[in-house]
Amino acid sequence: MLSLERLRTLDALARHGSVSGAAEGLHITTSAVSQQMSKLEREVGQQLLAKNGRGVRLTDAGRLLAEHAARILSLVELAQSDLEAQRGQVVGELRITAFPTAARGLFPAVLSSLRAEHPALRVRSRELEPAEAVQAVIRGDFDLAVVLDWYNKPLPVPEGLAKASILDDPAEIAMPEDHPLAGRDEVDLEEFAEDDWVTWGESEFCHEWLMYTLRAKGIEPRIAHRAEEHHTQLALVAAGLGVCVAPRLGREPTPPGVRTVPVRQRVHRHVYAVWRADADRRPSIRAAVEALRAAGRAKS
């Protein structure tokens, strides 16, 4: 009989494309991955891996078995979900992730609520950027992720994932308190065409959104500084080094010397949760989504 653990290793190899990637995704060593694959090859009596330069590739037999492994693991997940649903108890372990400001703005209330209402549930959390979090849920590294997209730029969500809205998060423009527009009730993005901008890392989804949005308005922004954390961005703004987009979720406290002003076009992020559709009936998933929605309502 084929070992489920070894099929999981093969599935990880197929998804990650390398022994090191599979090891990282499974949280085991590369030698453990190699050992599992050697045992699986002996079980099936066929070669599943072949040398490919310094790495490996799946053989035809390896790809065939990997396709079956993906379906088998999905059925196992569905069976576990159905058993949990039949038992109707929120128990076991739940691994959740969120982008940094959602982790800061939502997780304290959400994790406290889940601990109080479901003491038999063990929750593990970690910060991840949205695109990385989606892939982590698909791989099975996490059970649920809190992600975002912008009102004018959706985040691609692959098939096989379920999703639920948590809240719409308004974004404002943060500027030094002595900025010429700091006394306004509303501003337009076009009014900052000559300002230096503080933004996220170049490959991050929010940075791509900012470039897309400003360029659509005919603005080629002057990027002066980059910082992953919103509070670092706001500290740079407070020092008079530029302006930035400042969503409200997880923003407080705003440092002295910074003024935030709403954008007239009502710029906002849509925050939502995603999880694998085959785990949709798990009581722990449903409990986490309800806790997130409650925390989102409290922020609205």
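Here the structure is a predicted model, which is why all the values come from computation and not from measurement. Positions are given from 1, in the same order as the sequence printed here.
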| said: For the CD atom of Glu229 and the CH2 atom of Trp200, what is their distance to the nearest 0.5 Å? | reply: 12.0 Å
| message | Could you go through Lys153 and Glu208, starting from their C-alpha distance and side-chain angles, then the distance that decides it, and tell me whether this counts as salt bridge (charged side-chain N to carboxylate O under 4.0 Å, His left out)? | response | CA-CA 9 Å; Lys153 188 173 177 62; Glu208 292 176 355; 5.1 Å; no
| From CG (Leu181) to CG (Asp195), nearest 0.5 Å | 7.5 Å
| query | So, Asp168 and His270: side-chain donor and acceptor under 3.5 Å apart, yes or no? | reply | yes
| Once you round to the nearest 0.5 Å, how far does CG of Leu64 lie from CG of Leu58? | 11.0 Å
| task | Calculate, to the nearest 0.5 Å, the distance between atoms OG and CG belonging to Ser125 and Leu106 respectively. | result | 12.0 Å
| note | Looking only at heavy atoms, the pair that brings Ala133 and Ala145 closest together is CB-CB, 3.8 Å
| query | Would Leu94 and Val274 show up in the same hydrophobic cluster when neighbours are defined by side-chain heavy atoms closer than 4.5 Å? | reply | yes
| said: I'd like to know if the side chain of Thr97 reaches the main chain of Arg126, judged simply by a donor and an acceptor atom lying under 3.5 Å from each other, with no hydrogens or angles considered. | reply: yes
| field | Pairwise side-chain contact, Val33 with Ile28, heavy-atom cut-off 4.5 Å (strictly under) | value | yes
| task | Would you mind listing every side chain to side chain donor-acceptor pair (under 3.5 Å) that reaches into residues 60-70, with sequence neighbours excluded? | result | Asp60-Arg63, His68-Arg71
| said: Any non-hydrogen side-chain atom of Lys39 less than 4.5 Å from a side-chain atom of Glu5? | reply: no
| query | Is it the case that more than 12 heavy atoms not belonging to Glu93 sit under 6.0 Å from its CD atom? | reply | yes
| said: Between Met37 and Leu4, is there shared hydrophobic-cluster membership here, with clusters defined by ILVMFWY side-chain heavy atoms closer than 4.5 Å? | reply: yes
| note | Smallest heavy-atom separation, Gln46 atom then Ala61 atom, equals OE1-CB, 3.5 Å
| query | Below 4.5 Å, heavy atoms only, C-beta onward: do Glu202 and Met211 meet side chain to side chain? | reply | no
| request: Decide yes or no for Leu114 and Val90: does some side-chain heavy atom of the first lie under 4.5 Å from some side-chain heavy atom of the second? | output: no
| said: Out of the candidates His225, Arg226, His207, Gln233, only one should pair with Thr199 under the side-chain hydrogen bond (donor to acceptor under 3.5 Å, both in side chains) rule; please name it. | reply: His207
| query | Mind checking whether Leu65 and Leu7 have side chains closer than 4.5 Å, heavy atoms only? | reply | yes
| query | Which is it for Val243 and Trp197 under the side chain to side chain contact (heavy atoms under 4.5 Å, CB included) test, yes or no, and what are the steps along the way? | reply | CA-CA 5 Å; Val243 301; Trp197 282 86; 3.8 Å; yes
| task | Applying side chain to side chain contact (heavy atoms under 4.5 Å, CB included), run through Leu292 and Val271 and close with a yes or a no. | result | CA-CA 10 Å; Leu292 284 163; Val271 180; over 6 Å; no
| message | Let me check something: do Leu210 and Val237 share a hydrophobic cluster, defined by ILVMFWY side-chain heavy atoms less than 4.5 Å apart, either directly or through other members? | response | no
| query | Taking Arg286 for the side chain and Asp280 for the main chain, is one N or O donor matched with an acceptor at less than 3.5 Å? | reply | yes
| said: Quick check on the hydrophobic clustering: are Ile223 and Trp150 connected, directly or via other members, by side-chain heavy-atom contacts under 4.5 Å? | reply: yes
| remark: Of all heavy-atom pairs linking Leu234 and Ala174, the shortest is CD2-CB, 3.6 Å
| task | Check step by step if side chain to side chain contact (heavy atoms under 4.5 Å, CB included) holds for Phe99 and Arg269. | result | CA-CA 12 Å; Phe99 58 95; Arg269 306 186 298 183; 3.8 Å; yes
| task | Check whether any side-chain heavy atom of His118 sits under 4.5 Å from a side-chain heavy atom of Ser113, and report yes or no. | result | no
| said: Whether the side chain of Asp169 engages the backbone of Leu249 through a donor-acceptor N/O pair (distance < 3.5 Å, no angle test) should be reported. | reply: yes
| field | Ring centre gap for His179 and Phe192 strictly below 6.0 Å | value | yes
| note | Heavy-atom closest pair (Pro255 atom, Ala235 atom, distance to 0.1 Å) is CG-N, 4.5 Å
| query | Just how far is it from atom CG of Leu49 to atom OG of Ser38, taken to the nearest 0.5 Å? | reply | 8.0 Å
| remark: Smallest heavy-atom separation, Val245 atom then Ala171 atom, equals CG1-CB, 3.8 Å
| said: On a heavy-atom basis, which atom in His230 and which in Pro247 lie closest, and how many Å separate them? | reply: CE1-CD, 3.1 Å
| Side-chain donor or acceptor of Arg276 paired with backbone N/O of Asp143 under 3.5 Å | no
| CD/Gln35 to OG1/Thr30 distance, rounded to the nearest 0.5 angstrom? | 9.5 Å
| query | Of all residues at least two apart in sequence or in a different chain, which pass the side-chain hydrogen bond (donor to acceptor under 3.5 Å, both in side chains) check with Arg57? | reply | none
| message | What I want to check is whether the side chains of Asn152 and Trp209 have a donor and an acceptor closer together than 3.5 Å. | response | yes
| According to a 4.5 Å side-chain heavy-atom criterion applied to Ile, Leu, Val, Met, Phe, Trp and Tyr, with indirect links allowed, do Leu236 and Met175 form part of one hydrophobic cluster? | no
| message | Is it the case that atom CD in Glu228 sees more than 12 heavy atoms from other parts of the structure closer than 6.0 Å? | response | no
| task | Using a 4.5 Å cut-off on heavy atoms from C-beta on, say whether the side chain of Arg115 contacts that of Val123. | result | no
| Pairs in or reaching into residues 249-259: which pass side chain to side chain donor-acceptor pair (under 3.5 Å), with residues at least two apart or in two chains? | Glu172-Arg251
| field | Note, Leu148 side chain near Leu155 side chain (heavy atom, < 4.5 Å) | value | no
| said: The test is side chain to side chain contact (heavy atoms under 4.5 Å, CB included); show your working for Asp149 and Val157 and say whether it passes. | reply: CA-CA 10 Å; Asp149 51 30; Val157 176; over 6 Å; no
| request: Starting from the C-alpha separation in whole Å, work towards a yes-or-no answer on salt bridge (charged side-chain N to carboxylate O under 4.0 Å, His left out) for Glu290 and Arg293. | output: CA-CA 5 Å; Glu290 285 305 310; Arg293 282 177 162 166; 3.7 Å; yes
